Amino acid sequence: ASSRNCASGVATEAKRSGRCRSRGTMGDMKRSVSYPTNLLLSKMGGRPEGPGARTMPRKRSSALLHLSSLRATQRMFLMLLGVTLISVIGWNMHDRYLRRNDDADHRGCPTPLYGIGSSAPLEASRNGTRIVICTGAYANVVDGVSRTLNRLVKDLNDRSDGDNYKVLVLAPVRDPPAMEHYGAQLPLPSMKLPFRGEYSFSYALSDCVTQRLTEFRPDIMHIATPDLVASQVQQWAIDRNVPVVCSYHTRFTSYLPYYFKGVTLDAIDSTIWWWLRKFHQRCDHIYPPTQGVVNELVNQGFPQEAMRLWPRGVNLTRYSPMYRSEAMRRSWNITNDSTVAMLMVTRVVWEKNLKKFISACTALLEGGAPVRCVLVGDGPALPKVRELLPSAIFMGSLQKSELSTAYASGDIFFFPSITETWGSVTLEAMASGLAVVVASGPGGSELVEDGVTGLRVNTSHFGATVTSLSKLVHDPVLRRRLSLAGRARVLNATDWSWDHAMGMLKTHYSEILERKAQLSQGTAQSTPINQSSDAMGKEGVWPATGFQ
């Protein structure tokens, strides 16, 4: 009765007490909706077209329905964008407060963290080529990027070959660090990714870091992670006529199908490719590790003239069949030669195509194959993988000698990931004497000659993948032939040694510095290219500073 009185406008105690107020307000709003608004809502699925739509019940808009149906990871991705904006503003306000009237002593600014082999990496007597490496992965996480860059810094700081480099790394940090690092590292303001806590997102090039860069006076800016802070570092370098080189480590878009679907996937995929193109078009050099990755990038509109190959290497002293351990095999419940250990070494994250590894192991076991699946690594997906594959052996994260022993104690290395740009674990397995099976695609599969040094499989054809694995499990002669050929390829391949890889990169560095010198000489009577008058002295030379 109260509702009917409210609708008819009869003055009742309910109306006087305010219980009708919300109904009246919504009714007024509903009657005030114009026809164009109804038409707009109809396109979203909220109301049918026409003036009569004002009297029809409202439907929830499809946009809201779509938002509510997003998976947790997708909602966290959208939240991250908002948190990033707030964090950038907040950090810069905090940073400016700390820096006020205290430019001389860096009050409140981070100091470099000195790692292995960097007791005095920036001493005044060492006036060699100065390189800044900006990355999102260094000592804060153990992955292929952090391992490669630490090896790079180690080699650049090693002056045994007569070269002379001074290296400063810009990267997020964590306490305690995930691994020991090489060289001098300057912490970047960052925060943990909400849905991937092992990674940090650097979001601001603070005044503190900018001053450190100005004092360091880099000759080359090497960027390894094309994120928000990297774009600021890139612009800082361009403004000061510092060459920018960008190494390509991660096929970001290949991760998306593991977390997004449908229209959302297409939209994010297009956005990421747009950002990567925009970013890398401002790099003087781009360093992908394989020709397949080069082709992929060029097809996506990256500048072909900037491409320079930078392969990786494998440590043949650390990875060898000589570390095979019967004791470790017994810990895997392998007590006879007929049981085959099928190994996967990886970060335990879904974009490594873990579901294919799980499905293949399950299919082999259900088919009666004498196989023991072993997973080496750690990551956020590990609890779920344990649940889905309870029969497997989980070794967790292994380092150095333990990792060498685990590799050599296996028989087959199955790596179904299609997100790799290089595939260091594949080379480590080949060096350890395993028969390798890898997924076809750019990156890792280019390291394997199908049928000769290993097998390449199309993991989207699951039946064929299981057939190939089953044949390898049941055929010890084939395993032996592939393992010997794979190890011989690694031993005889000078292009897969770290000396070769670092020599190529140093050649690229020299090329870019020589080009800069030629351009500077050609414009000696005019303003140097990209010179910023507030940061550089006369003739494009950095002003003297106290940072050594």
Side-chain angles (χ1 to χ4, degrees), residues 121-134 152-153 155-159 161-170 184 205 209-224 226 230-248 278-288 294 298 302-310 500-548:
L122 305 174
E123 72 275 16
S125 61
R126 190 172 182 185
N127 295 318
T129 303
R130 297 171 183 248
I131 299 172
V132 169
I133 298 176
C134 180
L152 169 59
V153 173
D155 280 31
L156 291 176
N157 282 333
D158 181 7
R159 287 175 284 178
D161 58 0
D163 291 330
N164 196 14
Y165 293 95
K166 299 174 73 170
V167 185
L168 180 63
V169 178
L170 307 182
L205 181 62
V209 176
T210 298
Q211 180 162 335
R212 289 289 189 183
L213 285 176
T214 302
E215 294 169 345
F216 185 66
R217 296 172 293 155
D219 298 301
I220 293 175
M221 186 66 71
H222 184 150
I223 297 176
S231 67
Q232 300 171 48
V233 169
Q234 184 186 57
Q235 186 60 54
W236 182 92
I238 291 173
D239 289 344
R240 289 154 182 81
N241 201 32
V242 176
V244 178
V245 300
C246 301
S247 50
Y248 192 82
K278 179 177 180 293
F279 186 94
H280 286 86
Q281 284 168 357
R282 289 156 57 85
C283 300
D284 295 287
H285 278 179
I286 303 171
Y287 301 145
V294 170
V298 171
F302 288 57
Q304 186 168 10
E305 64 276 8
M307 297 293 171
R308 303 290 187 279
L309 278 178
W310 178 35
H500 174 78
M502 295 307 162
M504 287 186 70
L505 187 62
K506 291 176 182 179
T507 299
H508 298 332
Y509 282 167
S510 298
E511 177 192 351
I512 203 72
L513 290 174
E514 182 179 352
R515 177 186 169 196
K516 179 186 175 183
Q518 292 173 349
L519 291 173
S520 297
Q521 293 172 2
T523 57
Q525 303 303 319
S526 61
T527 303
I529 297 175
N530 292 329
Q531 177 177 326
S532 177
S533 60
D534 62 336
M536 301 181 70
K538 294 181 179 179
E539 297 182 355
V541 180
W542 285 96
T545 66
F547 193 94
Q548 299 292 340

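All of these numbers come straight from a predicted model, not from anything done at the bench.
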Step by step, would you call Y509 with H222 a side chain to side chain donor-acceptor pair (under 3.5 Å)? CA-CA 10 Å; Y509 282 167; H222 184 150; 2.6 Å; yes

Hey, mind stepping through I131 and L156 against side-chain contact (heavy atoms from CB on, under 4.5 Å) and telling me if it holds? CA-CA 9 Å; I131 299 172; L156 291 176; 4.2 Å; yes

Residues H285, E511; criterion side-chain contact (heavy atoms from CB on, under 4.5 Å); working and verdict: CA-CA 10 Å; H285 278 179; E511 177 192 351; 3.6 Å; yes

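The backbone N or O of A501 sits nowhere less than 3.5 Å from a side-chain atom of K506 that would complete a donor-acceptor pair. Not a single donor-acceptor pair under 3.5 Å links the side chain of D284 to the backbone N or O of V245. Between the side chain of Q281 and the backbone N or O of P303 there is no donor-acceptor pair closer than 3.5 Å.
Every residue two or more places apart in sequence or in another chain that forms a side chain to side chain donor-acceptor pair (under 3.5 Å) with Q235 is listed here: D239, R282. When the ring pair (Phe, Tyr, Trp, His ring centres under 6.0 Å) test is applied to H280, the partners found at least two apart in sequence or on another chain are Y248, F302. For T210, the side chain to side chain contact (heavy atoms under 4.5 Å, CB included) test picks out L205, T214, W236, with sequence neighbours left out.
Distance check: R308 CZ to L505 CG gives 12.0 Å after rounding to the nearest 0.5 Å. Atom CD1 of I512 sits about 7.5 Å away from atom CD1 of I220, to the nearest 0.5 Å. We find the CE-SG distance between M221 and C283 to be 11.5 Å, quoted to the nearest 0.5 Å. For the atom pair CG of D158 and CE of M502, the computed distance is 11.5 Å after rounding to the nearest 0.5 Å. Here the OH atom belonging to Y165 is positioned 10.5 Å from the CG atom belonging to D219, to the nearest 0.5 angstrom. We find the CD1-OG distance between I223 and S247 to be 9.0 Å, quoted to the nearest 0.5 Å.
Residue A230 comes nearest to C134 through the heavy atom pair CA-SG, 4.3 Å, listed as atom of the first residue, atom of the second, then distance.
Cation-pi geometry between R130 and F216 is met: under 6.0 angstrom from the ring centre, within 45 degrees of the axis.
The side-chain heavy atoms of L170 and L213, taken from C-beta on, include a pair separated by under 4.5 Å. The closest side-chain heavy-atom distance from N164 to T129 is not below 4.5 Å. Side chains of F279 and S231 form a contact here, defined as non-hydrogen atoms less than 4.5 Å apart.
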